[in-house]
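Have a look at the structure below, then the notes.
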Amino acid sequence: MTKDVSVRNLTFNTLEHVLNNKAYSNLAINQVLNQYDLSVRDKSLFTELVYGTLKRKLTLEYHLKPFLKTKVKRWVRILLWMSIYQLYYLDKIPAHAVINEAVEIAKRHGGHHQSKIVNGILRTMTRTGLSSLEDIKDDNKRLSVTYSVPLWIVKHWVTHHGFATTERIAQAMLENPGQTVRVNTAKTTVERVSKLLNERGFQVKLDQDIPECLHVVGGSIIQEPVFTDGLVSIQDKSSMFVARYLDLENDNRVLDTCSAPGGKACHIAELLNHTGKVTATDIHEHKINLIEHNIAKLGLDNIDALQHDATQSYQGTYDRILVDAPCSGLGVLRHKPEIKYEQSQVRINTLVDLQLEILNNVKSHLKPGGKLVYSTCTIEQLENENVIYTFLKQNKDFEFDPIEDPRTHQKVKTLQILPQDFNSDGFFITRIRRKDS
Ligand SMILES: C[S@@+](CC[C@H](N)C(=O)[O-])C[C@H]1O[C@@H](n2cnc3c(N)ncnc32)[C@H](O)[C@@H]1O
């Protein structure tokens, strides 16, 4: 990155990094926030500009297209997307400031000729205005452009969830996620953490469904002692349901097969409250450090992390197994919006094969009567219901072990949480049981 620390320049560099080098937006954003000493206002503007542009990329491109008379370079397009986002989605920035900054970035990046192109396009656009999205006749296409979701994903969602629900999903995916934390109940209490956060000026609300989940408003808690001292972890509410549905009992031996960076594995260890043993594995050696870092920070004494490929045989048997499977991630678009532009049907088919391979490998490591939770952070039926029904069809010694749907309090075989349900990530959770022999 260049040394220019203007917010627009940092935004432009970060967008290029994410869109061209396939960096994760949340990690790229955190890297900049840690590297540069920005004011609170600039931090929030930077985050808003990066996420906003990524989330709305297809809409911004649709609006840009009529103004492109010749082919423009990829970086010019990125600069124009972020400028259009500021012009039409943020009301506090005057148009002349947006255009001047874009022209300056273009000049530095590509010289006078490129800056003239950028200036011309943005000035014409502000003079003539944008075309209406309502003019798009085809319903799916209109939904795709309006909410910036690739058409093939819209078609999948419409098939599985219906048009009205798909529109609510797409809308909810554009919203900013709230901040939820998981209290480390192996070390402290919800009351104590709430008090500590209140004293530091945060507003704290207890969650209605998960006792250790707190909704925290008033800024990021990343530099707060409650976080750095391991009294809380940052985790989305949907993801916290997963460990809870393992129906843990003290002294359980638990295998978490795909566990990096260890969010759910550590939650399980906390719920076991210094009893039992969690074995947390992941295929990637370098990610084991992330799990170990979390274990040490949280002060957990009943969990080990080790490298292991979940498609290969494990040693021993377990009371509980979690398969939090590698998946398309289409439920977490509020945290990682770029995912929607990178996935494909072909990739989903490969993931489905891997998900089934993992389940078929770990099944013999579950004790008779033991419980297995299969979860994903996607809302793609092929990776969710289809996988678990296929597995059960092929494995008659397993059966559904219904869980309570937190929305209806009815028992269900499979639970698909949508982002609009709890203003949280889209998640799929199901629990199966190995029949007693
Ligand atoms: C959805 S993430 C897990 C998130 C984690 N459970 C948590 O709560 O923090 C899926 C993980 O599966 C891992 N993975 C992918 N293929 C795997 C395999 N064959 N065996 C084990 N882990 C695998 C990835 O490295 C990734 O960390």
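Just follow the structure's listing: the first ligand is 1, and inside any ligand the first atom is 1. All residue numbers in this chain count up from 1 along the given sequence.
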When the side chains of residues 350-359 are checked against the rest of the protein, which donor-acceptor pairs come out under 3.5 Å, sequence neighbours left out?
unit_1: Thr350; atom_1: OG1; unit_2: Val346; atom_2: O; d: 3.0
unit_1: Gln355; atom_1: NE2; unit_2: Pro326; atom_2: O; d: 3.0
unit_1: Gln355; atom_1: NE2; unit_2: Glu383; atom_2: OE1; d: 3.1

Where does the angle between the aromatic ring planes of Phe422 and Phe241 fall among parallel (under 30°), tilted (30 to 60°) and perpendicular (over 60°)? tilted
Please list, chain by chain and in numerical order, all residues satisfying side-chain contact (heavy atoms from CB on, under 4.5 Å) with Lys195, sequence neighbours excluded. Glu199
Asn361 side-chain N/O to Gln312 backbone N/O, donor-acceptor pair under 3.5 Å: yes
Let me have the donor-acceptor pairs involving side chains of residues 147-159, under 3.5 Å, with sequence neighbours excluded, atom names and distances please.
unit_1: Tyr147; atom_1: OH; unit_2: Glu167; atom_2: OE2; d: 2.8
unit_1: Ser148; atom_1: OG; unit_2: Lys55; atom_2: O; d: 3.2
unit_1: Ser148; atom_1: OG; unit_2: Lys57; atom_2: N; d: 3.3
unit_1: Ser148; atom_1: OG; unit_2: Leu58; atom_2: N; d: 2.8
unit_1: Ser148; atom_1: OG; unit_2: Tyr341; atom_2: OH; d: 2.9
unit_1: His156; atom_1: ND1; unit_2: Glu380; atom_2: OE1; d: 2.9
unit_1: His156; atom_1: ND1; unit_2: Glu380; atom_2: OE2; d: 3.1
unit_1: His156; atom_1: NE2; unit_2: Gln345; atom_2: OE1; d: 2.7
unit_1: Thr159; atom_1: OG1; unit_2: Lys155; atom_2: O; d: 2.8

What residues come within 4.0 Å of ligand 1, counting heavy atoms only? Thr257, Cys258, Ser259, Ala260, Pro261, Gly262, Gly263, Lys264, Asp282, Ile283, His284, Lys287, His308, Asp309, Ala310, Asp324, Ala325, Pro326
Do His267 and Glu212 have side-chain N/O donor and acceptor atoms under 3.5 Å apart? yes
